Asker: 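The structure is given below, and queries will be raised subsequently.
If you're wondering where the values come from, they're calculated on a predicted model, not measured in any experiment. FYI, side chains are in, hydrogens and waters are out, and symmetry mates aren't considered; it's all heavy atoms of this structure. Numbers restart at 1 for each chain; the letters A, B, ... are given by sequence-line order, proteins then strands.
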Number of protein chains: 2
Amino acid sequence: MVDESEELARLASDLRVAAFRLTRRLRIESHIDEVTDSQLTVLLWLSRLERAAPGALAELERVSPPSMNRTLNVLETAGYVRRIDDPEDGRRVIVEITERGAELASTARRRRNAWLKAELGPLPAADRRTLARAAELLDGMTLR
Amino acid sequence: MVDESEELARLASDLRVAAFRLTRRLRIESHIDEVTDSQLTVLLWLSRLERAAPGALAELERVSPPSMNRTLNVLETAGYVRRIDDPEDGRRVIVEITERGAELASTARRRRNAWLKAELGPLPAADRRTLARAAELLDGMTLR
DNA sequence: TATTGTTATACTCTATAACTATA
DNA sequence: TATAGTTATAGAGTATAACAATA
């Protein structure tokens, strides 16, 4: 009989290390000098959402509103986003990504996927299926 | 015939998202009020290595030497690490983790694994095998 | 009174450049 | 002269508390 708890601990540890290594590597590969990691993450959100309220962005990134406000100030000054007063509610502000911001976001996305695709390409189809299934399983765990 | 490039892009994207989500979740679960994330990461390194030079830690975390120096100052002031002059080379310094620091590191590691084990436990054995194999594959990619 | 965003303030993390001490 | 570490300085991210402005 197998010691299941021991096996579980080993799997947990291996998975944890693998995930940390992968994310670190992806960060390095997608590094863009024009903006910091936090700024880039906001641009990536905005390139998907088109527009969003500062408060919503703060929640998405789980940072405080003042913190997000500061990041938006930097991005706006640099011309990557713009703030618009919500015509329907004077308290609200709408943040939009500019064309320059969208270009930067798409470059970053391309770089990240380029490295990963190069690594995945040579793998046997069975291994790729394993990884695809693992991604599904991990999503199930973290979304709950 | 399948569009392999399209499939590869999808897999890369899914894996990337899954890995980012998992690491974020693990960070949240292992959060310790006494130290910041960066400080904890250094403690986790030191609890594995026993001792390391400041420059080596800077390389491991890919930050500049002054940046690591600052983090070490905070950790040393708080009593989680200590600096010792290398007896063999007056230019060098050895950083050691203290007992308090080791306790903190082990608490963090325990919390991370506890959450992960709770998530992995209910999975069918086949899924666990899939994840174990995925961890291996990811290691192969990042270690190269 | 509640909501949304911003400003004020303070601390950490980050980097580059410059400096110290030793080899 | 080269190397390891540190200090000096400054920008960016983080938070909590306080302050608009609007609903």
Side-chain angles (χ1 to χ4, degrees), chain A residues 23-24 27-28 30-46 49 51-96 101 104 108, chain B residues 20 24 27-28 31-46 49 51-96 101 104:
Chain A
T23 55
R24 161 189 284 172
R27 277 223 180 80
I28 294 167
S30 72
H31 184 256
I32 283 185
D33 284 323
E34 284 80 3
V35 292
T36 66
D37 265 11
S38 309
Q39 291 165 15
L40 180 58
T41 306
V42 172
L43 286 181
L44 289 169
W45 274 118
L46 284 171
L49 304 173
R51 55 180 53 73
L57 290 169
E59 265 194 50
L60 284 169
E61 282 307 299
R62 308 198 200 223
V63 297
S64 65
S67 180
M68 180 54 65
N69 192 58
R70 208 159 184 156
T71 298
L72 291 174
N73 286 342
V74 177
L75 286 172
E76 190 172 37
T77 302
Y80 295 124
V81 306
R82 73 175 72 86
R83 271 184 258 227
I84 301 166
D85 291 328
D86 187 328
E88 301 187 355
D89 185 337
R91 297 171 301 182
R92 292 172 186 270
V93 164
I94 297 164
V95 184
E96 278 185 350
L104 208 59
Chain B
F20 272 111
R24 163 186 278 178
R27 280 221 179 81
I28 292 169
H31 179 76
I32 286 182
D33 285 330
E34 284 81 0
V35 293
T36 65
D37 263 13
S38 311
Q39 291 163 15
L40 179 58
T41 306
V42 172
L43 285 181
L44 288 169
W45 274 119
L46 283 171
L49 303 174
R51 54 181 52 76
L57 291 169
E59 265 194 49
L60 283 169
E61 282 307 299
R62 311 209 192 214
V63 298
S64 65
S67 179
M68 180 53 65
N69 191 57
R70 203 156 188 163
T71 298
L72 291 174
N73 286 342
V74 177
L75 287 172
E76 189 172 36
T77 302
Y80 297 124
V81 306
R82 74 175 72 87
R83 272 184 258 228
I84 301 167
D85 292 327
D86 187 327
E88 300 187 357
D89 185 336
R91 297 171 301 182
R92 290 173 187 269
V93 165
I94 297 164
V95 184
E96 278 186 350
L104 217 55

Asker: Once you round it to whole Å, what is the distance between C1' of dG5(C) and CD of Glu76(A)?
Answerer: 13 Å
Asker: Start at the 5' end of DNA chain D and walk down; is the nucleotide closest to Gly55(B) or to Gly90(A) reached first?
Answerer: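 Its nearest nucleotide lies further toward 5', so the answer is Gly55(B).
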Asker: Closer than 3.5 angstrom, by distance alone: can the side chain of Glu34(A) be matched with the main-chain N or O of Leu104(A) as a donor-acceptor pair?
Answerer: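 Pair absent, no side-chain N/O of Glu34(A) close to backbone of Leu104(A).
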Asker: What nucleotide among dT6(C), dT7(D), dT22(D) has an atom nearest to a side-chain atom of Asp89(A)?
Answerer: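 It is dT22(D).
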Asker: Distance check needed: dT4(C) C1' versus Met68(A) CE, whole Å only.
Answerer: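 In whole Å, dT4(C) C1' and Met68(A) CE are 15 Å from each other.
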Asker: Once you round it to whole Å, what is the distance between P of dA15(C) and CD of Gln39(A)?
Answerer: 15 Å
Asker: Between Glu88(B) (CD) and dT22(C) (P), how many Å, whole number?
Answerer: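 It works out to 16 Å between those atoms.
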Asker: Taking only N and O in the side chain of Arg91(A), is any of them less than 4.0 Å away from OP1 or OP2 of dA2(C)?
Answerer: no
Asker: Please determine, for the side chain of Val93(B), which listed nucleotide (dG5(D), dA15(D), dT4(C)) has the closest atom?
Answerer: dG5(D)
Asker: Rounded to whole Å, how long is the line connecting atom CD of Glu59(A) with atom C1' of dT3(C)?
Answerer: 13 Å
Asker: Quick check on dT6(D): is either OP1 or OP2 less than 4.0 Å from any side-chain nitrogen or oxygen of Asn69(B)?
Answerer: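 So the side chain of Asn69(B) is within the cut-off, an N or O lying under 4.0 Å from OP1 or OP2 of dT6(D).
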Asker: What's the CD1-P distance between Ile94(A) and dT6(C), to the nearest Å?
Answerer: 12 Å
Asker: If you take atom types as modelled and just measure distance, does the side chain of Arg70(B) reach the base of dT14(C) with a donor-acceptor pair under 3.5 Å?
Answerer: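 Answer is yes: a donor-acceptor pair is held.
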Asker: Look at Ser67(B) and dA15(C) and indicate whether a side-chain polar atom (N or O) is within less than 4.0 Å of OP1 or OP2.
Answerer: yes
Asker: Are the side chain of Glu61(B) and the backbone of Met68(B) linked by a donor-acceptor contact shorter than 3.5 Å?
Answerer: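 Not confirmed, Glu61(B) side chain does not pair with Met68(B) backbone.
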Asker: If only side-chain N and O atoms of Ser64(A) are considered, is one of them under 4.0 Å from the OP1 or OP2 phosphate oxygen of dT16(D)?
Answerer: no
